[in-house]
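Have a look at the structure below before the remarks.
If you're wondering where the values come from, they're calculated on a predicted model, not measured in any experiment. Reckoned from all heavy atoms, side chains included, excluding hydrogens, waters and symmetry mates. Sequence lines set the chain letters: A, B, ... in the order given, protein chains first and strands last, and positions in each chain run from 1.
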Amino acid sequence: MSDATIIILLSMITTGLMLGMIFSLVAVGVTIIYGSIWMPNAANGQFFLLAALLLWSASVSWGLHPALAALIIIGLSVPFSYALEILLIRRFYDVPNRNISYFVLSLGITQILAGIFSITYGIWSDQFQLPPLVGGLTMLGPFPMVNNRLAAMLIAALLLVALFTLLRYHRYGRALRAVFQNREAAALRGVDVRAVYRMSFVLGNAVVFAGGVLFACAYSFDFSIAWTMAITAFAIMIIGGPGSVLGALVIGMVFGLTQAAVSIFASPTIAAFSYLGAMLVILLFRPSGLFAR
Amino acid sequence: MNVLTSRWLPHAIFAFAAFAMPLVFSGNRYFAFIVGITLLSVLWATGMNLLYGYTGLMPLMFAGIAGISAYVTIGLSAAGWSFWLAMLVGSIAASLVGIVLGLPSLRLRGFYFTLCSLVIQSVITLAFVYFVNLTNGDVGISHIPLPELPGGGQLTGTSYELVLAALTVIGVVVLTLLVESGFGHRLIAIREDDGLAETLGINVTRQRLAAFFIASLFASIGGALYAPYVGFVSPRSFDVLVSLNIWLMVAFGGRGTIWGPVVGAVILAPLPFLLQDYYMIKDVVYGLLIIGVIVLLPAGIVGGWKRKAAAGEPAPDVAQKTAPAR
Amino acid sequence: MTLLDAKLVSMRFGGVVALSDVNVHQEAGETLGVIGPNGSGKTTLVNVITGHLTPQNGAVLFDGAPLLGRKPFQIAAAGLSRTYQSVRVFSELTTRENIATALLDAPRPLPSEGVAETAEWLGLTPRFDARAGSLTLYEQRRLEILMRLVQQPKLLMLDEPVGGLSSAEVRATINLLSELKARCTIFVIEHTMKVIRELADRVIVLVAGEKIADGPPAEILSDQRVIEKYLGSVDA
């Protein structure tokens with residue numbers, strides 16, 4: 001193999017890992033919310049974009065350090081989620097077939113946010129690019145790696161590990177699984193179902209925000225990322241199995257690597273076609289997903 | 001039959017209004033165009049109501065079907081076919097596609113069907129963008145020729161709006177006849193409990209697919225007429241937001257009633273034109289409307305009235321002991 | 001004349017055996033009772049016969065024609081009707097609309113005088129314009145039966161028709177069903193032994209998916225094996 005091929009291959013793998021981890025993060029956020037509240041949050045892509053745009057404003061317009069700004073933005077997602085939960089989400093906790101009401105509700109939120117973005121950020125530019133978190137290159141043998149992306153990858157990996165540990169071993173994670181399996185039985189066993197709902201909504205959105213912030217650090221982006229991310233996160237959730245964190249992680253990584261490979265060898269449209277096709281097949285033949293228990 | 005006391009009185013009033021409005025506004029092309037788009041929206045909302053209101057499925061690929069019909073009709077017209085023949089072929093072809101796209105409803109319910117329809121809509125939109133030589137991709141097709149008239153000349157201006165009015169009135173009458181027929185009663189039974197309907201001998205598969213075919217006919221006739229009327233189509237003309245707007249008309253007006261979606265379309269279709277000066281906030285207004293309908297008006301305007309009216313009647317005596325069986 | 005003949009029916013869900021080599025035979029006019037503990041496969045048997053489940057093995061003949069592979073609506077049209085263990089009516093529709101729905105695709109619909117007479121017999125006439133969901137459980141149970149009777153089925157399979165009813169309502173239902181025997185053949189799953197003892201001409205006992213007994217009620221209900229396996233645990 002020539003050096004050029006190896007460089008392409010390496011960049012494909014790193015891009016794939018990076019994308020995969022961001023996909024996994026967002027999909028875990030979406031699946032936590034669906035697993036508990038039964039809310040298929042189609043607005044996740046707009047939340048993702050919101051975090052990315054805020055980070056852009058904070059670091060480019062107001063001159064904050066991106067790392068500090070990122071932490072503040074993820075922190076801000078908490079009151080944001082609480083407000084939404086109080087205003088809209090909790091009204092539907094006991095509605096029959098609430099997932100379809102939630103789905104439409106989240107499409108409404110999507111419209112509102114998309115409208116706000118085009119009013120506020122639409123005037124700026126098509127592409128948003130942030131200053132790097134860290135500068136410089138690291139040489140991996142003879143091959144250069146961009147430090148900024150390595151840092152983003154490291155943070156994403158740490159976040160995923162922390163999240164997975166939290167969900168597997170912490171009291172909240174066990175309560176979440178109990179609620180997902182059987183809401184009534186969990187309530188009978190003394191789990192505060194509504195508290196789990198609220199916690200899931202807040203945590204899920206915080207994770208989506210974290211994904212958006214990390215993405216903005218590593219790549220330039222435009223408005224179209226919102227819709228792409230919404231569809232991708234849904235596809236990952238459906239294929240991995242709604243409510244399955246492991247499914248979201250594994251399928252998210254698979255999607256990231258596929259996306260990286262496909263965008264080198266074919267057009268992104270083909271990648272989108274293949275996600276949608278995979279999602280259709282799973283919906284029709286195994287609606288509980290690949291990783292359902 | 002006395003028209004004034006007939007159950008067709010609302011239809012007569014609607015038909016009168018539908019034909020009068022284009023004539024009233026014939027002096028002002030801008031207002032007449034709003035009337036034309038509103039009539040098309042009524043036709044689309046009426047078709048979606050058959051699925052969303054009476055069959056209980058939320059089809060987010062509705063606009064995609066309209067788009068397939070529009071592109072086929074444009075393509076065939078460009079190949080030298082008569083517009084009307086092209087529209088017939090395009091509508092039937094798109095409606096057959098609609099049956100195929102309805103197949104998932106045999107396995108999926110509720111949110112899963114809606115999600116599936118959203119995925120299908122996304123695939124259709126991607127296809128419209130991707131197959132550039134048929135659709136001219138994102139650039140879209142402009143200067144779509146107007147339909148020709150049998151006596152020579154073209155269908156244009158007020159006469160176009162009158163044709164739209166005629167088709168819309170036919171659409172509403174057809175939906176009324178359908179839902180009052182055995183077919184409509186079967187659909188309602190399926191909406192309420194498809195398993196029980198099947199146990200009572202109803203062929204659920206066939207009724208559902210028939211509903212998809214008919215609703216798709218509404219979508220595709222509207223799509224075929226939309227293209228020359230507006231003169232321009234692109235994949236955005238038939239994307240998921242269009243499906244969602246039609247859904248909003250049905251849900252806002254009141255699904256599962258004949259007049260709810262008509263009222264919804266008449267209120268919502270002119271909205272983008274009225275908001276034109278506030279173009280930027282259009283999306284926000286739509287989003288707020290969607291949330292408002294879901295939170296405040298789950299049964300829609302007309303549905304809400306019906307419920308109020310029912311509540312005003314003497315309540316059925318639930319506690320009443322029925323005569324013990326002999 | 002043989003009306004229903006199911007031979008060697010086996011049904012597995014993954015590794016769980018729900019029915020194994022079950023034979024059921026029913027003559028026209030004969031009331032067949034099915035008893036067995038929870039999870040013994042009674043409802044699964046009805047689901048297999050009415051086309052809701054496809055068994056791995058076996059054959060089902062109804063009125064001389066094979067049923068397996070036919071869809072539930074076709075089986076209903078062939079004159080085999082069933083009710084559900086938990087009551088199931090179109091609760092948003094009125095009683096009248098429920099009845100009209102049952103008449104839509106009935107191959108031999110009862111003429112309207114017959115419908116009115118049957119509704120009167122079941123005591124539902126005063127409730128015609130009430131929403132079915134607002135009816136009492138006992139009324140909904142009778143509406144379920146009425147919706148089947150307007151289709152004039154040859155065989156009516158009832159899945160726990162007195163479930164959830166008070167003892168007075170159970171008594172009244174037994175009287176109704178014994179009059180019903182003159183109108184169509186009845187296959188009844190029931191836990192309440194009184195129902196089986198008074199109505200059934202013959203009883204089969206299912207335990208863990210296997211038929212362990214088949215015979216007249218008096219004989220079966222005193223059979224030591226049946227008592228051990230089943231009746232000992234339930235108030236008889």
TODO: List the steps and the verdict of side-chain hydrogen bond (donor to acceptor under 3.5 Å, both in side chains) for B:Q121 and B:S243.
DONE: CA-CA 9 Å; B:Q121 172 69 58; B:S243 295; 3.2 Å; yes
TODO: Say whether C:N47 and C:R82, considering side chains only, have a donor N or O and an acceptor N or O under 3.5 Å apart.
DONE: yes
Open item on the list: Can you list everything that forms a salt bridge (Lys or Arg N to Asp or Glu O under 4.0 Å) with C:E144? Sequence neighbours excluded, please.
Closed with: C:R141
Task: Identified side-chain contact (heavy atoms from CB on, under 4.5 Å) counterpart of C:L199 within the set C:D201, C:V195, C:I196 - done: C:V195
Open item on the list: Using only atom types and a distance under 3.5 Å, with no angle test, would you say the side chain of B:Y54 pairs donor to acceptor with the backbone of B:G256?
Closed with: yes
Task: Reported CG-to-CD1 distance for the pair C:L180 and C:I174, which is rounded to 0.5 angstrom - done: 13.5 Å
Task: Ionic contact status for B:E180 with B:R7, cut-off 4.0 Å - done: yes
Task: Neighbours of chain B found in residues 91-98 of chain C - heavy atoms under 4.5 Å - done: C:E92, C:L93
Open item on the list: What residues of residues 65-75 of chain C make heavy-atom contacts with chain B at a cutoff under 4.5 angstrom?
Closed with: C:K71, C:P72, C:F73
Task: Option that, when pairs with chain B are counted at under 4.5 Å, heavy atom only, ranks first among C:L104, C:T125, C:T50, C:L103 - done: C:L104
Task: Under 3.5 Å side-chain donor-acceptor pair for C:T101 and B:H185 - done: no
- [ ] List in chain and number order the residues that pass salt bridge (Lys or Arg N to Asp or Glu O under 4.0 Å) with B:R208, two or more places apart in sequence or in another chain; answer none if no residue qualifies.
- [x] B:D194
- [ ] Compute whether any side-chain donor of one residue and acceptor of the other, for C:T43 and C:Y84, lie under 3.5 angstrom apart.
- [x] no
